[in-house]
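In what follows, chains are A, B, ... by sequence order, proteins preceding strands, each numbered from 1. It should be emphasised that the depicted structure is a prediction, and the values quoted were computed from it without experimental measurement.
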2 protein chains.
Amino acid sequence: MPAHAHPPTAAERQAERRRRILRAGTQLACRGGYEAVQMREVAESSQVALGTLYRYFPSKVHLLVAMMQDQLERMHGTLQRKPPAGEGPAERVTQTLMGAFQALQREPRLAEAMVRALTFADRSVSQEVDQVTRLTTAIILDAMGGPEPAPAQLSAVRVVAHTWHSALIAWLSGRASIAQVRTDVATACRLLEPQG
Amino acid sequence: MPAHAHPPTAAERQAERRRRILRAGTQLACRGGYEAVQMREVAESSQVALGTLYRYFPSKVHLLVAMMQDQLERMHGTLQRKPPAGEGPAERVTQTLMGAFQALQREPRLAEAMVRALTFADRSVSQEVDQVTRLTTAIILDAMGGPEPAPAQLSAVRVVAHTWHSALIAWLSGRASIAQVRTDVATACRLLEPQG
DNA sequence: ATCAAGTCTGAAACTTGTTCTAGATTAGCG
DNA sequence: CGCTAATCTAGAACAAGTTTCAGACTTGAT
């Protein structure tokens, strides 16, 4: 601990608690996926009372969606530092998404937990889910690299995002192969080409 | 009851029970969506013991996915009797899917319940979910009307299905407008055009 | 007809997400 | 400092999905 350590303020301790909770949730998810993220365990593991956990995240789905936000923000930062090098927008986006896919493959149970929460979320989580959608869109737009996205392009971007999420779920449920995911993502990305 | 009524066989009574359960689940879902389909209520409402309900459908998700299968089969039959009249494959598929969408709009809570179950389903339901996927694919292929689907076309069909499901969820969660759903479905359907 | 196997029922028990309560601790403020 | 409001904790309580169990009823084969 640094020499200039000052007693942490309330806000700092709260931020620290939030981080601990997210980390505990992530660890549990890595081990056993969605069902292994049990609120009592998260609370105990992050050294926080159950009531406090529910003050920070009003439901299990809120927690898991927040975890996904976290991951996406990290990923977005990484991608901005080293943008994809590809021929056209379609290839760059395909590369980016398949890179993200590989990252998720390293912790498939974590991915399963987050994605299932995301699609299971009801209206009470729509704001947070929307934020995830915006992040995904931002990542795709960054990968495209174009100047302004025409409104028609935006629909194509949404189709790509839809496809990515859906293909991810199909893979996580064992209903689609990695090759199929790649094929489908690439197919959807064809819509991003200028003449498309 | 008909004059030639014979005492129903065991198999008939079982089929009857299954129908009663599906109907009860559907009614509850129409009223209050996913959360209103409570297994105890379904059991009581279909005059079946809770244990029996679980013998027929090993989980709530299984039940809801079976309800969706039922709906899709009905829809497929209807569509085969009056196929869509449109210019190209893209337009016909768009028409068909937006027609299905309008049908779902009439019972939005039922749609919400079924679709949420579908995307929340884990590996233990993958067989049933796969059947739903196949039905969706069959509906799209029928609407296209073409002779043989080239393997490249199959990926496009999957992208359309992905987009439809995903857009449906976004609409049900209040995160997308009907216009946006139509736009996105139409965009994805562009991949079905011969030159696409 | 009778026995074994499978099925249905009613009810209790168990699990896990969520809510509630009472008291302790802390933060901000006059 | 001393007060008030907010926060945190421990734990009980509640809700709904799921499992289990004992007993009654069918069914099918011998």
task = Count the heavy atoms belonging to other residues, nucleotides or ligands that lie under 6.0 Å from CZ of A/R20, then report whether that count exceeds 12.
result = yes
inquiry  = Taking A/E112 first and then A/R109, would you say they form a salt bridge - that is, a charged N and a carboxylate O separated by under 4.0 Å?
reply    = no
task = Mind calculating the distance between OH (A/Y34) and P (C/dG17) to the nearest angstrom?
result = 8 Å
query = Does OP1 or OP2 of C/dC8 have a side-chain N or O of B/Y56 closer than 4.0 Å?
reply = yes
Atom pair distance, as rounded to whole Å: CD in B/E12 and C1' in D/dT27 = 15 Å
ask   = C/dA13 P sits how many Å from B/L50 CG, rounded?
value = 15 Å
query = Will you find, in the side chains of A/R92 and A/Q95, an N or O donor that is under 3.5 Å from an N or O acceptor?
reply = no
task = Figure out the CG/P separation between B/L64 and D/dG17, and round it to whole Å.
result = 10 Å
ask   = How about B/Q131 and B/R134: does a side-chain donor come under 3.5 Å of a side-chain acceptor?
value = yes
request  = With the side chain of B/T52 defined as its heavy atoms from C-beta on, choose the nearest nucleotide among C/dT9, D/dA10, D/dT7.
outcome  = C/dT9
message = Classify A/V37 by what it touches in the nucleic acid, base, sugar-phosphate, or nothing, heavy-atom distance under 4.0 Å.
response = sugar-phosphate
request  = Classify the nucleic acid contact of A/E41 as base, sugar-phosphate or nothing, counting any heavy atom under 4.0 Å across all strands shown.
outcome  = nothing
inquiry  = Under 4.0 Å, counting only non-hydrogen atoms across every strand here, what does A/V42 touch: a base, just sugar-phosphate, or nothing?
reply    = nothing
task = Measure the distance from OH on A/Y54 to P on D/dC8 and round it to the nearest whole Å.
result = 16 Å
query = Expressed in angstrom and rounded to an integer, what is the separation of B/E35 atom CD from D/dA15 atom C1'?
reply = 12 Å
task = Grab the CE-P distance between B/M39 and D/dA16 for me, whole Å please.
result = 14 Å
note = Closest to the 5' end of DNA chain D, once B/R40 and B/R13 are matched to their nearest nucleotides, is B/R40
inquiry  = Tell me whether the side-chain N/O atoms of A/Q14 come closer than 4.0 Å to OP1 or OP2 in D/dC8.
reply    = yes
note = Exactly one candidate in B/T183, B/D184, B/T163 meets side chain to side chain donor-acceptor pair (under 3.5 Å) with A/S155; the answer is B/D184
ask   = What is the distance, rounded to the nearest whole Å, between atom CD of B/Q38 and atom P of D/dC14?
value = 17 Å
